[in-house]
S.K.: 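One structure, as C-alpha cells, below. Some questions next.
Quick caveat, the model's predicted, so the values are computed rather than measured. Both counts, for ligands and for their atoms, begin at 1 and track the order of listing.
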Amino acid sequence: MDWAEKYRPQHLSDIVGNSSAIRQMYEWARDWSREKKPLVLYGKPGIGKTSSAYALANDMNWEVVELNASDQRTKSALERVAGSGSTTASLSGASRKLILLDEADNLHGQADRGGAKAIIEIIAESKQPMILIANDYYALSKELKAATEPVQFRALQARSIVPRLRHICAAENLACDPAALDEIANRASGDMRAAVNMLYAAAIGKDSLTMDDLQTSAKDERSTIFELIGEAFKGRRDADLIRMALEVEDTPDTIAQWLEGNIDQMPDLASQAKGYAYLSRADEYIGRTYRRQYYTLWRYASAVMLLGIADAAGGHGIHSRIMPPARWQKMASSRKQKAIRAGLTRKLSEMMHIPENLLREEFFTAISLLVEADPAAYVREFQLDADELVLFVHDKALATKVVKGVAKEEKDKAKKASRKEKTLKKGQKPRDDDPPDEPDEVRQDLPPGQATLF
Ligand SMILES: Nc1ncnc2c1ncn2[C@@H]1O[C@H](COP(=O)(O)OP(=O)(O)OP(=O)(O)O)[C@@H](O)[C@H]1O
C-alpha cells in the first residue's frame with residue numbers, strides 16, 4: 001500500500017490543519033437532523049477533504065456510502081440509500097449512513113440535465129446525512145450552492161506538513177534529516193498527499209533519508225504528465241517511470257488516455273499493437289480498482305502500461321508534439337448528448353406510459369421514423385426542443401428551423417386568441433380574417449403521445 005493510503009487519518013483528531021472546517025463538520029454531525037443542509041467540502045486536491053469525511057463517519061460510528069456525482073448510475077444508487085430512513089443499527093452496528101458524493105463540481109449545469117437537478121431533488125428528500133466534495137466551489141450550480149452549506153478547506157502550511165512527515169518516518173523506522181522534510185513540505189505547496197508521495201518516492205527501499213536522496217529526485221520532482229509520457233516513449237528506466245507516475249497529479253486512467261492518444265507515434269503497426277495490448281491489460285486493473293475500491297491495483301496498472309509502452313516503443317521517442325487525448329474533446333460533447341438522450345427517454349416514457357428500457361430498445365427507431373416524416377407535428381406533441389429533435393432528424397439546422405417555426409406559430413396563435421378575447425369583451429364581432437378555432441389535434445381521451453402514435 002502506498003503511504004498516502006496507509007497513513008490516511010482515521011479520526012478527526014488526526015487531520016492536520018483546517019481546524020475550523022473540522023469543528024464545523026463535527027458540530028454539523030453532532031446536531032444532525034433532516035433539516036440540516038448537506039455540507040460541501042471544497043478546496044484543492046490532497047488537503048484532506050475525503051479523509052475528513054471518512055474520519056467524521058468513523059468518529060460518529062456512521063457507515064459511509066461513497067458515490068461519484070458525475071456517474072450516471074449515481075442517481076438510482078442515491079435514491080436507494082438516501083431514501084432509506086432507517087436509523088436503527090445496521091449489520092455493522094452503524095447508526096446512520098453518511099452519503100459521500102465526490103466530484104460534485106463535475107456536473108455540467110444545463111448540459112447535464114437531470115444530473116444536478118436529480119441530486120438537488122434527492123438532497124431535499126434525503127433521510128441520511130450527506131457530504132459533497134468539490135475542488136472548485138464556483139463550478140457548482142447556483143441551486144446546488146443554495147441547497148448546501150459550504151466548508152472551505154485551505155492548502156496546508158509547510159510547517160503543519162512537517163510533523164506529519166516526521167510521524168510517518170518514525171512509523172516506518174526511517175531516519176529522516178529534518179532539512180529534507182522541510183524541503184519536501186515546501187515543495188508540496190500545501191498538498192499533503194503530494195508531500196507524502198514525495199517522501200515515499202524518495203525513501204522507498206532505504207532506511208534513512210537525507211537531502212542527497214531528494215537531490216536525485218529534485219529535477220523530476222512533481223513531473224508533469226508531458227514529461228512522463230515523453231520518457232515512457234523514450235524507454236526510460238522502469239524505476240524512474242514508476243516514480244514519475246507517482247509524482248504526476250493524474251490518476252492511472254488519465255495516464256492511460258495520454259499514452260493511448262500518442263500511440264500512433266510508434267514507428268510501426270506491430271509496436272502499436274503491442275502498445276495497445278499493454279494498455280488493455282492495464283485497463284483491466286483500472287476496472288478492478290474501481291469495482292473493488294482497492295486502490296493498490298492502480299500501481300499494477302501504472303507499471304503495466306508504462307513499462308509496456310516503453311518496451312513497445314523501443315526507445316523511439318515522440319518526435320512531434322505530445323498530444324492530449326483526442327477523446328477529451330469528444331467526451332465533452334458526447335456527455336451532453338447522453339444527458340439529452342436520457343432526458344428525452346424519460347420524458348417520452350412518462351408521456352406514453354412505456355417503460356424507459358422498452359422505449360429505448362423497441363420503440364425508438366419507430367418513433368424516429370414518425371418524427372422524421374413530420375417533425376413539426378412531433379415538436380408540438382412531445383414539446384421537443386432543438387437539441388432533442390436533432391436526436392431524431394440528425395440535422396441541426398433543420399431541427400433549429402422546425403423548432404423556431406413551431407414556436408412562432410404558437411406565439412401567433414396566442415396573440416390571435418388574446419385579440420379575439422379583447423374584441424369579445426368589448427362586445428364586437430370577431431374580425432373576418434380571424435380563423436375559426438382549430439379542432440384539437442390530439443384526441444382528448446388518450447394520454448398525450450399515444451394519440452398520434454398508436
Ligand atoms: N489534512 C490532512 N491530514 C493528514 N493527512 C492528509 C491530510 N490531507 C491529505 N492527507 C493525506 O493525503 C491523502 C489524500 O487525502 P484526501 O483524499 O483526503 O485529499 P482530498 O482533499 O480529498 O483530495 P481530492 O480532492 O484529490 O480527493 C490521505 O490519504 C492522507 O494520507
S.K.: Would you check the N or O atoms of D102, main chain and side chain alike, for any that come under 3.5 Å of an N or O of ligand 1?
M.R.: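 Between D102 and ligand 1, no N or O pair is found under 3.5 Å apart.
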S.K.: Going by the atom numbers of ligand 1, which of them fall below 4.0 Å from some non-hydrogen atom of I15?
M.R.: 1 (N), 3 (N)
S.K.: With only distance considered, is D14 within less than 3.5 Å of ligand 1 through an N or O on each side?
M.R.: no
S.K.: Can you figure out which of S160, G46, A194 has its heavy atom closest to atom 23 (O) of ligand 1?
M.R.: G46
S.K.: Cation-pi between R341 and F364: NZ/CZ under 6.0 Å from ring centre and within 45° of the ring axis?
M.R.: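 So R341 does make the cation-pi contact.
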S.K.: Check whether any side-chain heavy atom of Q128 lies under 4.5 Å from a side-chain heavy atom of V65, and answer yes or no.
M.R.: no
S.K.: Any atoms of ligand 1 less than 4.0 Å from a non-hydrogen atom of N135? List them with their elements.
M.R.: 25 (O)
S.K.: Who's the nearest protein heavy-atom neighbour of atom 1 (N) of ligand 1, and how far?
M.R.: V16 O, 2.9 Å
S.K.: Can you list the atoms of ligand 1 that are under 4.0 Å from a heavy atom of T50?
M.R.: 17 (O), 18 (O), 20 (P), 22 (O), 27 (O)
S.K.: Does K49, backbone or side chain, put an N or O under 3.5 Å from an N or O of ligand 1?
M.R.: yes
S.K.: Tell me if the NZ atom of K396 is crowded by more than 12 foreign heavy atoms within 6.0 Å.
M.R.: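 Counting neighbours around NZ of K396, 12 or fewer heavy atoms of other residues, nucleotides or ligands fall under 6.0 Å, so no.
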S.K.: Does P9 come within less than 4.0 angstrom of ligand 1, counting non-hydrogen atoms of the residue?
M.R.: yes
S.K.: Counting each atom of ligand 1 from 1 as listed, which ones have a heavy atom of Y7 under 4.0 Å away?
M.R.: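 Checking each atom against Y7, I get 31 (O).
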S.K.: Consider ligand 1: state whether an atom of it lies below 4.0 angstrom from any non-hydrogen atom of V196.
M.R.: no
S.K.: Which heavy atom in K37 sits nearest to a heavy atom in A146, and how many Å separate them?
M.R.: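 It is NZ-O, 3.0 Å.
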S.K.: Would you say K401 has more than 12 foreign heavy atoms packed within less than 6.0 Å of its NZ?
M.R.: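 Check fails, neighbour count at 12 or below.
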S.K.: Could you find the nearest protein heavy atom to atom 16 (P) of ligand 1 and give me its residue, atom name and distance?
M.R.: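 The closest heavy atom on the protein side is S51 OG, 3.5 Å.
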S.K.: Could you identify the single nearest non-hydrogen protein atom to atom 24 (P) of ligand 1 and state the distance to 0.1 Å?
M.R.: R193 NH2, 3.4 Å
S.K.: Is it true that D311 and K274 have a side-chain N and a carboxylate O under 4.0 angstrom from each other?
M.R.: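 Looking at K274 together with D311, the answer is yes, because their closest N to O distance falls below 4.0 Å.
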S.K.: Scan L12, L39, L41, I22 and name whichever one has a side chain to side chain contact (heavy atoms under 4.5 Å, CB included) with L56.
M.R.: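 Exactly one option meets the side chain to side chain contact (heavy atoms under 4.5 Å, CB included) with L56, and it is L12.
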S.K.: Do D177 and L209 touch side chain to side chain, with heavy atoms closer than 4.5 Å?
M.R.: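 Not touching, per the 4.5 Å side-chain cut-off.
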S.K.: Heavy-atom distance to atom 11 (C) of ligand 1: which of E5, M192, K44 wins?
M.R.: M192
S.K.: With sequence neighbours excluded, give me every salt bridge (Lys or Arg N to Asp or Glu O under 4.0 Å) pair touching residues 144-160.
M.R.: none
S.K.: Identify the closest protein heavy atom to atom 19 (O) of ligand 1: which residue and atom is it, and at what distance?
M.R.: G48 N, 3.4 Å
S.K.: Cationic tip of R23 within the cone over Y26's six-membered ring, i.e. under 6.0 Å and within 45° of the normal?
M.R.: no
S.K.: What protein heavy atom sits nearest atom 17 (O) of ligand 1, and how far off is it?
M.R.: R8 NH1, 3.3 Å
S.K.: Provide, to 0.1 Å, the distance between atom 31 (O) of ligand 1 and the closest protein heavy atom, together with that atom's residue and name.
M.R.: A4 O, 2.6 Å
S.K.: Classify the ring geometry of F382 against Y378: parallel below 30°, tilted from 30° to 60°, perpendicular beyond 60°.
M.R.: tilted
